[in-house]
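Just so we're clear, the structure is a prediction, and the values are computed from it rather than from any experiment. In this chain, numbering begins with 1 at the start of the sequence shown.
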Amino acid sequence: MSASTDESIRQGRVETTTTTRSPMVAIIPQPLQVDSPAGGEALPLEGAVVVAGPSAVEQHVAAYAAELLTRAAGTRVTVAGSRPDGAPTVELRLAEDAGPAGSTSPERHTLEVSGSGAVLTAVQPVGLFDAVQTLRQLVTEGEQGAEVSAVVVRDAPRYAWRGLSFDVARNFFPLEQLELVIDVLASYKLNVLHLHLTDDQGWRIETPSRPELAKLSSDTSTSGKAGGHLSLADFRRLQDYAADRFVTVVPEIDLPGHTNAATAVYGELRADGQRTAKYEGIEVGFSQLTYDLPATEPFLRDVLADIAAITDGDYLHVGGDEALTLGAEEYAKFIALLEEIVLGTGKKVIAWQEAAQADTRPETLVQYWDTRTDVAPFLAAAERGSRFIMSPGNHAYLDMKYTAEYPLGQDWAGLIELRTAYDWDPAEIIPGLPADQVEGVEAAIWTETLSTQEELFGMLLPRLSAAAEVAWTAPERKDWEDYRRRVVSEAATWRREGLPFHETPQVDWS
């Protein structure tokens, strides 16, 4: 199922249309078109049955829908191969005419709910999955039990790339917690989990050609707690779990800086031949590889080939950020080599924004994060054909403190309250960048100060839902006051699922 997500990502920005929003529903992210027919009968969920086509992927989406609706409604929803007589039904259909007029997105879909049933129509299974997430949010408690009000939703995303960059290098988060993150991503129609797997503090992925990296350089963390890493089996399970939810996992091996975890194992990667000490601090920019050493290129080729071989998705992220001890010429040679190696594995390249200064190839995706820098290199990269993922630190870095007094997080990019995470337009972040060269949006969570599930989700929620609306919803459809109302409804789900979240005073949670 990850192939569908990758195809959606390759589509880039999609065309959208809009209509008037209905004030009676609470959906995040806000759809393109919502109509609530006056006097329409609600669909009861007691004894409801999900019906889908015969393909394995349709049946999988049906089973997932039944599970979500059962949890949301508190009453058992089952799956059947055909429409049963008399039972409320949720029917999943594939059809080319689904979704809003004018949209070309492979995720376009339509949801129609009446007293006789709900019909979810999409052009591809990923669109059915998106429609299921919308349906889940529409479950309310009526006089006769759980129900869904009569509504028609036609929807498609603004951007095809909608994700979260999650740092598991500073503090490691085990597989079960990564799966929980994927569940939350999927619930807001986010479709990329970008894993920052290596940094100065730890190497968090098994690499068969260099097994010592995970064995010897994964026991550290910035919190002083035990570290850890993903085995090959863990990474396989994680990708399968993500694919079942139409989420693509993008691994990042951060190069040629942020490499102390590697040089702590292999002294031959250092000009002086000496292994570095393990590191558990939070400073950046002090570590590097050296381009001209005999060991450097074989190391890069082996490690990146390892990661490419175990990655289902199209992309590998090579980092490229904060290599502050490297001169411009050596850095540019590294970027060119990294691009050549990754492309040689059959994968595509993503790099942080610093790589744009190194004359990147047109097909390299550039991830923008630091709003304090000159935009000229990014406009030059755009002239060469590069597309951009928008992760501006002052809006999308969800490890930034909510307020100056908040006990977790950092503040170098500013304070990011919920409205700051909501009120920005990816097409306007880099002045002069053509809007159609924005590939999508990634929020980011860095874990220098975060080491527990409670801390993690307290920073992610509710801000991740705001980022999801930035990525999905057309700008003219966004409305802060309306979002404040909708996020209160969604908080009931977080409470039911036991997910911690920050009850920001910007929202009336009562």
Side-chain angles (χ1 to χ4, degrees), residues 1-19 25 27-35 50-69 79 89-113 117-138 148 151-163 182-183 185-192 242-248 313-314 439-441 468-469 471-474 477:
M1 278 169 258
S2 61
S4 297
T5 306
D6 282 339
E7 176 60 26
S8 171
I9 291 170
R10 284 192 290 270
Q11 294 284 332
R13 189 171 184 268
V14 298
E15 296 300 317
T16 60
T17 59
T18 64
T19 190
V25 296
I27 302 168
I28 298 175
Q30 177 66 56
L32 275 176
Q33 300 174 359
V34 181
D35 293 302
V50 182
V51 182
S55 74
V57 66
E58 290 172 90
Q59 287 297 309
H60 167 74
V61 175
Y64 191 84
E67 177 187 346
L68 278 190
L69 292 173
V79 178
T89 57
V90 176
E91 189 169 354
L92 309 183
R93 300 176 182 172
L94 295 176
E96 286 297 322
D97 61 353
S103 173
T104 59
S105 168
E107 294 183 71
R108 64 189 187 273
H109 60 270
T110 301
L111 166 63
E112 301 174 89
V113 182
V119 179
L120 286 60
T121 311
V123 295
Q124 292 188 17
V126 63
L128 291 178
F129 187 84
D130 291 338
V132 166
Q133 298 296 347
T134 297
L135 184 63
R136 185 269 304 171
Q137 293 187 67
L138 293 174
V148 181
V151 69
V152 178
V153 177
R154 293 180 178 86
D155 205 5
R158 182 186 186 190
Y159 295 110
W161 188 292
R162 308 178 305 277
I182 288 171
D183 284 334
L185 294 181
S187 71
Y188 301 110
K189 304 182 180 77
L190 296 165
N191 60 4
V192 175
D244 282 347
R245 290 147 182 82
F246 295 90
V247 172
T248 297
D314 288 344
E439 185 81 1
V441 174
E469 190 147 315
W472 180 280
T473 302
R477 294 284 290 156

*Nearest 0.5 Å, what's the CD-CG distance between Glu107 and Asn191?*
5.5 Å
*Qualifying salt bridge (charged side-chain N to carboxylate O under 4.0 Å, His left out) pairs with a residue from residues 124-136, counting only residues at least two apart or across chains*: Arg136-Glu490
_Between Arg162 and Val441, is the side-chain contact (heavy atoms from CB on, under 4.5 Å) condition met? List the steps._
CA-CA 5 Å; Arg162 308 178 305 277; Val441 174; 5.8 Å; no
_Distance check, rounded to the nearest 0.5 Å: Leu92 atom CG versus Gln59 atom CD?_
8.5 Å
_Tell me the closest heavy-atom pair linking Val153 and Pro31, and the distance in Å._
CG1-CB, 3.7 Å
*Compare all side-chain heavy atoms of Leu190 with those of Val247 and state whether any distance is below 4.5 angstrom.*
no
*Has the side chain of Arg108 got a donor or acceptor atom that lies under 3.5 Å from a matching backbone atom of Ser105?*
yes
*Look only at the side chain of Thr473 and the backbone of Gln30, and say whether a donor-acceptor pair between them is shorter than 3.5 Å.*
yes
_Nearest 0.5 angstrom please: Leu128 CG to Thr121 OG1, how far?_
7.5 Å
*Would you confirm whether Gln137, through its side chain, and Ile28, through its main-chain N or O, come within 3.5 Å as a donor-acceptor pair?*
yes
*Heavy-atom closest contact (Pro100 atom, Gln33 atom, distance)*: CB-NE2, 3.7 Å
_Min side-chain heavy-atom separation Lys189-Pro157 under 4.5 Å_ = no
*Flag the pair Val123 / Glu96 as yes when at least one side-chain heavy-atom distance between them is below 4.5 Å, and no otherwise.*
yes
*Below 4.5 Å, heavy atoms only, C-beta onward: do Trp161 and Val192 meet side chain to side chain?*
yes
_Between Arg245 (side chain only) and Asp183 (backbone N and O only), is there a donor and an acceptor less than 3.5 Å apart?_
no
*Point-to-point distance, once rounded to the nearest 0.5 Å, from CH2 of Trp472 to CG of Leu32*: 8.5 Å
*Heavy atoms only: give me the nearest Ile182-Ala242 pair and the separation to one decimal.*
CD1-CB, 3.7 Å
_Do Phe246 and Val57 have side chains that approach each other closer than 4.5 Å (heavy atoms only, starting at C-beta)?_
yes
*Can you measure from CD (Glu91) to CG (Leu120) and round to the nearest 0.5 angstrom?*
9.5 Å
_Ignoring hydrogens, what is the shortest heavy-atom contact between Val61 and Pro125? Give both atom names and the distance._
CG2-O, 4.2 Å
*Contact summary for Pro29 and Ala468, nearest pair of heavy atoms*: CB-O, 3.8 Å
*In Å and rounded to the nearest 0.5 Å, what is the CD1 to CG distance from Ile27 to Leu135?*
9.5 Å
*Considering non-hydrogen atoms only, spot the tightest contact between Thr110 and Gly99 and give its length.*
OG1-N, 2.7 Å
*Would you mind checking if Arg158 and Glu469 are paired as a salt bridge, meaning a charged N to carboxylate O distance below 4.0 Å?*
no
*Evaluate the side-chain proximity of Val132 to Glu67: yes if any heavy-atom separation is below 4.5 Å, no if none is.*
no
*Do side-chain atoms of Asp155 reach the backbone of Ala131 as a donor and acceptor pair under 3.5 angstrom?*
no
_Residue pair Asp244 / His60, side-chain heavy-atom distance below 4.5 Å_ = yes
